[in-house]
Q: 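This structure is in structure tokens; I'll ask about it shortly.
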Amino acid sequence: MNNNDANKTHYIACNLCEAICGLEIKLKEGQIKSIRGDAQDPISKGHICPKAVALQDIYNDPDRLRTPIKKTDNGWQAISWKQAYKEVTKQLKRIQRQHGKNAVAVYLGNPTVHNLDALLFGPMFFRTLKTKSRYSATSVDQLPEQLVSLLMFGHSLLIPLPDLDRTGFHIIFGANPVVSNGSLMTAPGVSRRLKAIRERGGQLVVVDPRRTETAAIANQHLFIKPGSDVFMLLAMLHVVFSENLQSLGTVGEFTEGLHVIEKLVLDYPPEKVASITAVEPQALQTLVRDFCAADSASCYGRIGVSTQQYGTLTQWLITVFNIVTGNLDVPGGTMFSKPAFEVITANKSGKKGFADHFSRVRKLPNFNGEFPVATLAEEITTEGEGQIRALVTSAGNPVLSTPNGNQLDAALAGLDFMVSIDIYLNETTRHADIILPPLTTLERSQYDLAFQALAIRNGAKFSQPVFKAGKKQRSDCQIFTELGWRMQTGNWLGKAGGWLKKEILQRLGSEWIINRRLKQGPYQQSHGLNLKKLKENPHGIDLGPMQPCLPDRLLTTDKTIKLAPQECVADLEKLNQRLLADEIRATSPEYDLQLIGRRNPRSNNSWLHNSYRMVKGKQRCLALIHPQDAKSRNLQDGDMAVVSSRVGAIRIPVVCSDEMMPGVISIPHGWGHQLPGTQLSVAKQHAGVNTNILTDDYFLDTVSGNAALNGVAVSISKDMQARQN
Ligand SMILES: Nc1nc2c(c(=O)[nH]1)N[C@H]1C(S)=C(S)[C@@H](COP(=O)(O)OP(=O)(O)OC[C@H]3O[C@@H](n4cnc5c(=O)[nH]c(N)nc54)[C@H](O)[C@@H]3O)O[C@H]1N2
Ligand SMILES: Nc1nc2c(c(=O)[nH]1)N[C@H]1C(S)=C(S)[C@@H](COP(=O)(O)OP(=O)(O)OC[C@H]3O[C@@H](n4cnc5c(=O)[nH]c(N)nc54)[C@H](O)[C@@H]3O)O[C@H]1N2
Ligand code: SF4
Ligand SMILES: [Mo]
């Protein structure tokens with residue numbers, strides 16, 4: 001590093017969460033002197049959250065892996081890249097030869113979508129595996145949104161985004177953007193944007209079983225029983241139609257199924273569902289009337305309504321509610337982005353993309369070539385043809401992030417072979433035979449393919465590496481392309497072709513692809529957008545607010561919006577039958593409370609806890625419980641409690657809080673770092689417990705198979721052992 005480089009100021013996008021804030025990183029003598037929000041980033045305008053400095057801690061972390069390691073009888077040993085690639089592909093080939101292609105499974109975790117190289121080059125490797133056994137964090141996250149978009153608009157990434165900066169009325173179901181910084185709506189500085197709704201005379205309403213940090217800045221907060229949002233939305237739609245408030249606006253001409261919806265919601269007057277939702281009929285009516293009277297309005301729902309039993313139905317009805325109130329594809333309503341790098345292309349495969357085939361053991365549907373991760377453990381442990389014997393994980397920690405964590409932990413221990421592409425030896429990767437560590441954020445370039453496409457304001461930004469990678473390190477591009485060509489089997493011509501492809505891809509790298517796609521994109525003419533231009537504008541380029549784009553952007557074959565997809569209507573009919581038979585019960589005498597999740601400003605799912613700055617201070621892995629529920633169980637603030645569900649039990653301290661709705665307890669996920677065999681010296685000291693030991697691999701969204709991580713029936717009691725100790 002020369003003197004100029006050693007004292008340079010870099011401008012990059014933070015890739016830890018979906019907000020992709022611009023950061024200003026100042027170096028002094030080759031070390032980071034400061035990390036601040038980049039005030040000149042046209043979209044994030046200087047916003048930064050406490051997590052950003054973790055980028056530095058990850059880069060410097062002595063526990064972070066920098067070379068491949070292999071599990072041996074004498075513990076983990078560093079090996080060369082060449083040996084690692086050779087052994088990994090030899091084992092994968094052996095297992096596929098003996099047991100068939102599907103015996104090798106893949107699990108992709110959340111940081112994959114935040115990583116340009118992984119998105120561009122990962123598929124090259126995964127395709128060579130030719131396996132149907134594919135899983136990802138999608139099915140513990142946003143599968144319902146994607147499925148609804150596929151069914152209604154023709155593509156799983158055509159996700160309507162709330163036009164936060166112009167909306168006059170915003171309803172949030174099951175999201176806490178003030179803490180999470182927003183999801184499936186890239187909106188850096190989201191608190192500021194939400195407060196601005198009120199400042200311009202608009203309204204913000206939060207529907208959540210916990211009075212959250214977002215509820216605290218809202219005009220109104222409504223408590224709702226976990227998992228019952230579908231009924232509230234049905235009643236909201238009932239009010240729309242019964243009071244003749246429906247108006248499709250510009251999308252009316254190309255929207256099908258309005259009468260089906262009108263008929264479906266007839267059965268759900270607010271009074272009928274109130275005992276299920278705990279939402280006052282009067283409050284619900286006023287909410288709908290005010291929403292419809294507003295000049296512009298948007299309704300949004302996220303993790304709390306996606307990862308629950310009726311995730312798909314709820315996301316569907318949120319979208320329907322926006323459409324029938326005239327709030328789709330209009331400024332201030334919900335709209336589609338127009339990204340500089342187009343990620344949405346027409347499906348030419350001839351496959352539907354949903355329920356094309358079914359999982360081996362439980363017969364759950366696939367989506368976009370993946371099965372629900374809630375089925376992974378049983379596919380590993382259930383004998384028979386197609387049983388999973390080997391696993392490739394990349395950027396994922398499913399032991400902590402997917403339901404019935406203990407079961408998956410045990411299943412992974414029984415694999416014939418496992419390889420993890422990951423920067424840490426953690427709760428999941430400790431089961432691997434070989435770990436291949438790629439570069440970290442500060443060592444690589446980044447263009448946010450996924451989140452520029454989900455941004456509430458169009459923009460483009462390219463970040464260059466802050467630090468040069470060490471000679472022994474490898475990029476995701478190198479790792480994936482190398483594994484990909486080594487997996488190619490067949491004649492020497494095929495192998496030579498694979499080798500050539502790898503060489504070309506490695507040489508061209510992501511920059512070439514980005515440049516090409518920007519030049520093919522919608523801003524080439526208007527803004528002269530290409531990579532050179534982005535490099536000249538390191539703060540990023542503002543490409544303006546979202547614009548109406550329908551019906552052009554629709555990808556349904558007949559270019560219409562499907563208001564009433566058959567998959568959703570059929571499931572709703574089943575729900576209605578259960579309602580009539582009085583079978584809608586969230587709890588039982590044995591498990592009389594409902595568990596929900598929570599995020600913390602200094603956590604990022606499971607993997608920032610090895611940064612001391614992220615975990616220092618008071619323990620944050622705590623169970624929040626309503627004082628009444630605590631009292632009736634003889635629990636007091638700070639007491640150790642045992643929380644149990646059908647599948648597991650954990651010990652955790654409780655905090656009494658009237659933020660909670662009675663009958664509901666809240667525990668954050670991503671903790672539980674006490675497991676042996678990891679290399680996480682800081683995280684181990686601040687271990688917390690894994691709430692996904694309680695979540696149930698058989699408690700799923702009824703349509704999509706997405707895990708229902710919220711609304712799980714649990715019981716809580718005082719930990720008698722703790723008292724004796
Ligand atoms: N109970 C409950 N469970 C939940 C949730 C919840 O709300 N409640 N939320 C769910 C959601 S929304 C999500 S997205 C999932 C996340 O689920 P996962 O993606 O499975 O888990 P993460 O904790 O994000 O783990 C990320 C892994 O990637 C590694 N890593 C980080 N950066 C890189 C990189 O650049 N390259 C590579 N190769 N590896 C990297 C980390 O070391 C870590 O092992 O968790 C889900 N689980
Ligand atoms: N600091 C931080 N930021 C993050 C992450 C993180 O781990 N930490 N993770 C990132 C990821 S991967 C994602 S996907 C996003 C998620 O971003 P958000 O969707 O904002 O996720 P949460 O903050 O978990 O908010 C979910 C809310 O749903 C509520 N809820 C639970 N069950 C129900 C229900 O049945 N009905 C209703 N109406 N509400 C319910 C919970 O009380 C909670 O307030 O956050 C991202 N940002
Ligand atoms: S809000 Fe997200 S993108 Fe912005 S600084 Fe924090 S972690 Fe990074
Ligand atoms: Mo997520």
Side-chain angles (χ1 to χ4, degrees), residues 15-19 49-51 58 64-65 107-115 117-118 122 136-138 140-142 172-184 190 206-215 222-229 232 301-310 314 373 393-403 405 420-429 436-441 444 476 479 594-608 610 660-661 664 666-670 690-692 694-695 707-712:
N15 74 330
L16 288 174
C17 88
E18 299 180 35
C49 87
K51 292 196 297 295
I58 295 161
R64 202 237 308 166
L65 304 174
Y107 173 83
L108 302 183
N110 167 278
T112 308
V113 273
H114 297 265
N115 178 334
D117 265 18
S136 80
T138 297
V140 280
D141 189 343
Q142 81 286 3
I172 299 180
F173 277 90
N176 189 11
V178 167
V179 169
S180 69
N181 288 290
S183 179
L184 294 186
V190 68
V206 171
V207 185
D208 198 302
R210 179 179 152 239
R211 198 171 58 246
T212 60
E213 294 80 352
T214 306
L222 296 169
F223 279 118
I224 186 164
K225 281 194 196 159
S228 71
D229 306 76
M232 176 162 174
R302 201 47 199 100
I303 282 292
V305 288
S306 294
T307 57
Q308 56 137 292
Q309 199 179 2
Y310 303 113
T314 306
V373 69
T393 72
S394 182
N397 194 1
V399 167
L400 295 192
S401 57
T402 67
S420 292
I421 300 163
D422 206 291
I423 52 177
Y424 282 110
L425 171 49
N426 64 16
E427 298 76 17
T428 295
T429 62
L436 306 171
L439 303 179
T440 58
T441 303
R444 61 184 190 227
D476 290 271
I479 296 171
Q594 283 183 285
L595 170 70
I596 62 169
R598 172 168 101 246
R599 283 174 159 75
N600 180 274
R602 282 185 288 141
S603 275
N604 197 24
N605 299 322
S606 76
W607 70 280
L608 292 189
N610 213 44
M660 295 306 301
M661 189 175 185
V664 185
S666 158
I667 302 180
H669 75 285
N690 177 10
T691 188
N692 283 319
L694 299 169
T695 56
L709 305 167
N710 287 285
V712 180

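Every heavy atom of this structure was used, including side-chain atoms; hydrogens, water molecules and symmetry mates were not. As the structure lists them, so they are numbered: ligands from 1, and atoms in each ligand from 1.
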Q: Between T441 and ligand 1, which part of the residue brings a heavy atom under 4.0 Å of the ligand: side chain, backbone, both or neither?
A: neither

Q: Which atoms from ligand 1 have a heavy atom of T691 less than 4.0 Å away?
A: 1 (N)

Q: Distance under 4.0 Å to a non-hydrogen atom of I596: what atoms of ligand 2 satisfy this?
A: 31 (C), 32 (N), 42 (O)

Q: Suppose we measure from atom 23 (O) of ligand 2 to each protein heavy atom; which comes out shortest, and what is that distance?
A: N176 CB, 3.4 Å

Q: Which of the atoms of ligand 1 are close to I303, meaning less than 4.0 Å from one of its heavy atoms?
A: 7 (O), 12 (S)

Q: Between the candidates S401, G670, P438, S180, which shows the shortest non-hydrogen contact distance to atom 15 (C) of ligand 1?
A: S401

Q: Among L709, V712, N710, which residue places a heavy atom closest to atom 32 (N) of ligand 2?
A: N710

Q: Looking at N115, which atoms of ligand 1 are within less than 4.0 Å of one of its heavy atoms?
A: 35 (O)

Q: Taking all atoms of both residues into account, what is the closest heavy-atom pair of T112 and A395, and its distance?
A: OG1-CB, 3.7 Å

Q: Just which atoms of ligand 1 are under 4.0 Å from any heavy atom in D141?
A: 12 (S), 14 (S)

Q: Can you check which of R599, H114, H669 brings a heavy atom nearest to atom 4 (C) of ligand 1?
A: H669

Q: Can you tell which part of P601 has a heavy atom less than 4.0 Å from ligand 2: side chain, backbone, both or neither?
A: backbone

Q: For ligand 2, which is the ligand I care about here, please tell me if S603 has any N or O atom under 3.5 Å from one of the ligand's N or O atoms.
A: yes

Q: Please work out whether any backbone atom (N, CA, C, O) or any side-chain heavy atom from C-beta onward of R444 is under 4.0 Å from ligand 1, and answer side chain, backbone, both or neither.
A: side chain

Q: Where's the contact between S606 and ligand 1, heavy-atom distance under 4.0 Å: side chain, backbone, both or neither?
A: both

Q: Going by distance only, is there an N or O of N110 that falls short of 3.5 Å from an N or O of ligand 1?
A: yes

Q: Looking at I423, is its backbone amide N or carbonyl O close enough to the side chain of R64 to form a donor-acceptor pair, meaning the two atoms are under 3.5 Å apart?
A: no

Q: Relative to the heavy atoms of P226, which atoms of ligand 2 are at a distance of less than 4.0 Å?
A: 34 (C), 35 (O)

Q: Checking contacts here: is it the side chain or the backbone of T212 that comes within 4.0 Å of ligand 2, counting heavy atoms only? Could be both or neither.
A: side chain

Q: Any idea which of N605, D208, L222, N600 brings a heavy atom closest to atom 44 (O) of ligand 2?
A: D208

Q: At less than 4.0 angstrom from any non-hydrogen atom of A175, what atoms of ligand 2 do you find?
A: 19 (O), 20 (O), 25 (O), 26 (C), 27 (C), 28 (O)

Q: Determine, considering heavy atoms only, which of A395, G405, A707 sits nearest to atom 27 (C) of ligand 1.
A: A395

Q: Heavy atom to atom 41 (C) of ligand 1, shortest distance: which of N692, D422, I667, V113 holds it?
A: D422

Q: Can you sort out which atoms of ligand 1 are near G109, meaning under 4.0 Å from one of its heavy atoms?
A: 19 (O)

